[in-house]
Amino acid sequence: MKQYIFLVSLLLNAYIGYTQQVIPFAKPQATTQTFSWKDINSISFSNPALKNEVDVFNAFMKRAGLSALPVVGDEANSIRLELSAGNESYAMEKSGTRLIVRGDESGIFYGLMTLLQQRCSGDDVIVLSDAQPAFPWRGMHLDVSRHFFPVSFVKKYIDILALHKMNTFHWHLTDDQGWRIEIKKYPKLTEIGSQRKETMVDKHFNPYVGDGKPVKGYYTQQEVKEVVQYAADRHITVVPEIEMPGHSLGALSAYPQYSCNAKPLEVLTIWGVSDDVLCTKDSTFLFLQDILDEVMALFPSQYIHIGGDEVPKTRWKKCAVCQGNIKKHHLKDEHELQSYFIRKIDAYVNSKGRSIIGWDEILEGGLAPNAAVMSWRGEAGGIEAARQKHKVVMTPGTHCYFDHYQGHAQSEPLAIGGYTTVEKVYSYNPIPDSLTAEQQGYIMGAQGNVWTEYMGSSDHVEYMAVTRLCALSEVLWCGTKKPGYSDFVQRLKKHFEFLDRMKIHYAPSIYDVQMTHTVSPSKVNVALTSTYQDGLIYYSFNDPHILVAGEKFVMPFDIEQSGILRAQYFEGDDAPGHVFEQAFEIHQALGAKITVDIPASKYYNSGGLDKLLDAICGQSPRKNAEWLGWSGQSPTFNIDLGRMTAVKEVRVDCLSEIASWIYLPEGIEVWGSVDGKTYTSMGQKSAAELKTDIEDGMDAGIVIDPQSVRYLKVKVNCAGKIAKGNPGEGEDAWLFVSEVMVY
Ligand code: ACM
Ligand code: ZN
């Protein structure tokens, strides 16, 4: 009998689970009791404290174009809210004609968010659910320094978090590109630090191109209070971030006396990290304590984020005060000086009953006694901190950086780089296997980070953040009990309608066509797939009119000439995603055997050597993993074409990105062989010859008198030391190669 009941409940769960339209997933109850929205006409609550939850719920109902539920006494046909003990958890139950939602205040709020989404889905049946989040830190971050966003948008962002049951808003308020919070004791922080004269256009680092448009913006203390209250009403804690000792040019442009050399400084107009950081002189700490006093008065959060990431030690190395502090406090080096800095701030914040959290660099030189760590450079910092019994929030770039590309780079708006799809986010488990059960207990949760260098508008922020936030919310609510990606994507599709209704933007990139391809000499075999199977993929070759000129995709197919493949997923006439676009360069060495005498740098070798013979040239600006990099070294590629081949030209696709120290090659040499033992020169080009050759393109080539060979050696000469006046002057130049083409 017991087994039978178990089986029925499993089946019921599966059935009801499928119809439950909510993100993050909330476990449906194994019950045969059903409820219809037609039976609900009002709402009531057991405790006046719950009025706020009802007000927020009703405001969302109205935003969705629905009528607010009138508040009544404990009456029939109502949603009845009953306060009970809980830990952000809720349970629903049918009692006569009433739908009871029981939980603590947060839990009841989340129950209402579940009901809101269900109501908006149009399903008349209400699925009763229970839910409790797997993690207590369910965070989303927003950088308002690189681009400033008004209070109205900050509130909308908080609404988006609340609708997905996130509970922490990490507000990145200060950086090298602007200071954004009023501090009454230091008015110049906002008078000067909140302004910059312009912003770099796209990635025009070198030569630098600015847009000529002044930027200014900050939040008054009154506005901050409003935001903190608005968030609290939605069960969200706002954690402010005041960056130190690096990323501090906003502050130092206003008060340069707290830098090492006290020279005038300006807010940065380009992206990147300033060498000017806060000096470790005593007055700096008094300055920071004053700022933190005002910040702690505004933000009731237990944690104050103090940054701590990416601190260049250049100035400290040359500063008498900083070197004096290293000696005086018996520190080993500048890393321990950074640790000294953070420990002082930790002690101060602790003295006010609060705790600091910082990026994982705060581990370097020793972790401050009570600091929590936000692990962004992968999970290693978080793992180390948990082993040292410190609290951790996981935000690894691989899964939690929502400033990365989320689809094929060619069809996405310009982003900083990376490739973090919804599926990747969904796959995330914030608990590393390598930790013991006790150490795992230090992982508070995870957070999505939204750095806004390449997000100039609030719509764009939503585009980058929202779809991936949906996946992250489920990671954080369900933990190891996620219902699975295929279940999630079905709900996500429907959830997009909810987002439309709430006027929230999102990336539809999950609808985009994905491609895999294999290569063989002079041809590419392509397979196209889509996440959803409810429609059809159409494609075209060298023709932008996909539907008109294109064909329905049926089978993997061959491409035997260079050109551009385009494809798109259609449901009827509707194409919800982007056009997929991929250029192919067809040549004779596709898929050939390749080795190299000097391996590529471990940092720029993600696809391996085969990437150099895969028909795909890299993009500039760099967007994908196509590029292999060498620093100060000149690789020779050995290619076995597998058969005697008439070769008349060899080209190498290279990158020029001077701001990142990447230079075009200074020469190329090619040798051929019939037996792989005796090689004869087939041609070479000097730096000067290449310069004229590659002016209008990135690929460097050599035309050869046609010769039949099986083996080739192609040597590409790296540019040597970087010339004076350029970023990285005197350092080794990088050589980046994406394809070696043989015609
Ligand atoms: C970071 O992305 N620099 C924390
Ligand atoms: Zn100094």
Side-chain angles (χ1 to χ4, degrees), residues 139-146 170-177 239 241-249 251-252 255-263 265 268 271-285 287-288 305-329 331 333-334 336-338 340-342 344 357-364 372-382 385 392-404 415-418 420 446-455 464:
M140 281 295 288
H141 150 286
L142 181 65
D143 166 12
V144 295
S145 173
R146 276 52 179 267
H170 171 169
W171 204 0
H172 184 80
L173 287 161
T174 72
D175 214 302
D176 289 326
Q177 289 79 9
V239 174
E241 181 178 357
I242 306 294
E243 275 266 21
M244 61 188 80
H247 287 274
S248 292
L249 213 46
L252 292 174
Y255 297 97
Q257 60 266 44
Y258 304 117
S259 69
C260 285
N261 54 26
K263 289 200 188 115
L265 292 164
L268 278 192
W271 313 133
V273 179
S274 163
D275 275 347
D276 286 291
V277 301
L278 290 160
C279 180
T280 61
K281 61 183 89 166
D282 291 345
S283 59
T284 302
F285 292 100
F287 172 63
L288 291 172
H305 202 302
I306 50 78
D309 59 322
E310 299 178 314
V311 188
K313 308 297 189 294
T314 329
R315 298 288 183 263
W316 287 358
K317 281 186 180 154
K318 294 195 172 144
C319 169
V321 175
C322 290
Q323 291 304 312
N325 273 331
I326 289 180
K327 284 211 187 71
K328 183 170 157 197
H329 300 286
L331 306 173
D333 54 16
E334 289 74 20
E336 290 202 353
L337 185 61
Q338 149 129 350
Y340 160 83
F341 192 113
I342 302 293
K344 276 180 83 96
I357 184 165
W359 302 109
D360 57 56
E361 285 92 332
I362 67 170
L363 280 151
E364 293 163 9
V373 169
M374 203 167 254
S375 191
W376 71 282
R377 296 175 302 174
E379 290 189 321
V392 171
V393 175
M394 290 294 192
T395 63
T398 48
H399 295 78
C400 295
Y401 267 47
F402 298 171
D403 56 341
H404 287 176
I416 197 160
T420 304
Q447 177 175 292
N449 290 341
V450 182
W451 302 101
T452 57
E453 285 95 333
Y454 298 95
M455 298 174 214
M464 297 302 280

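Every number for a ligand or one of its atoms is a count from 1 in the order of the listing.
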Is there side-chain contact between [X] and [Y], with heavy atoms separated by less than 4.5 Å?
{"X": "Val311", "Y": "Pro245", "answer": "yes"}
{"X": "Val393", "Y": "Ile357", "answer": "yes"}
{"X": "Ile326", "Y": "Asp333", "answer": "no"}
{"X": "Asn261", "Y": "Arg315", "answer": "yes"}
{"X": "Thr395", "Y": "Trp359", "answer": "yes"}
{"X": "Tyr454", "Y": "Asp403", "answer": "no"}

Checklist entry - Have Glu241 and His172 got a donor and an acceptor in their side chains that come within less than 3.5 Å? => result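 Side chains of Glu241 and His172: pair found under 3.5 Å.
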
Item to check | Protein N, O or S atoms under 2.8 Å from the Zn ion (ligand 2) | outcome: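 Near the Zn ion (ligand 2), the number of protein N, O or S atoms below 2.8 Å is 4.
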
Considering both backbone and side-chain atoms of [X], is one of its nitrogen or oxygen atoms within less than 3.5 Å of a nitrogen or oxygen in ligand 1?
{"X": "Asp309", "value": "yes"}
{"X": "His247", "value": "no"}
{"X": "Tyr401", "value": "yes"}

Item to check | Element-labelled atoms of ligand 1 that are located less than 4.0 Å from some non-hydrogen atom of Trp451 | outcome: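 Those atoms are 1 (C), 2 (O), 4 (C).
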
Checklist entry - Atoms of ligand 1 less than 4.0 Å from Trp376 heavy atoms? => result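 Those of ligand 1 that fall under 4.0 Å from Trp376 are 1 (C), 2 (O), 3 (N), 4 (C).
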
Next on the checklist: Checking contacts here: is it the side chain or the backbone of Met374 that comes within 4.0 Å of ligand 1, counting heavy atoms only? Could be both or neither.
Outcome noted: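 Neither part.
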
Checklist entry - Centres of the His305 and Trp171 rings: under 6.0 Å? => result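 His305 vs Trp171: aromatic centres not under 6.0 Å.
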
Item to check | Gap between atom OG1 of Thr398 and atom CD of Glu379 - 0.5 Å precision | outcome: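 Answer rounded to 0.5 Å: 6.5 Å.
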
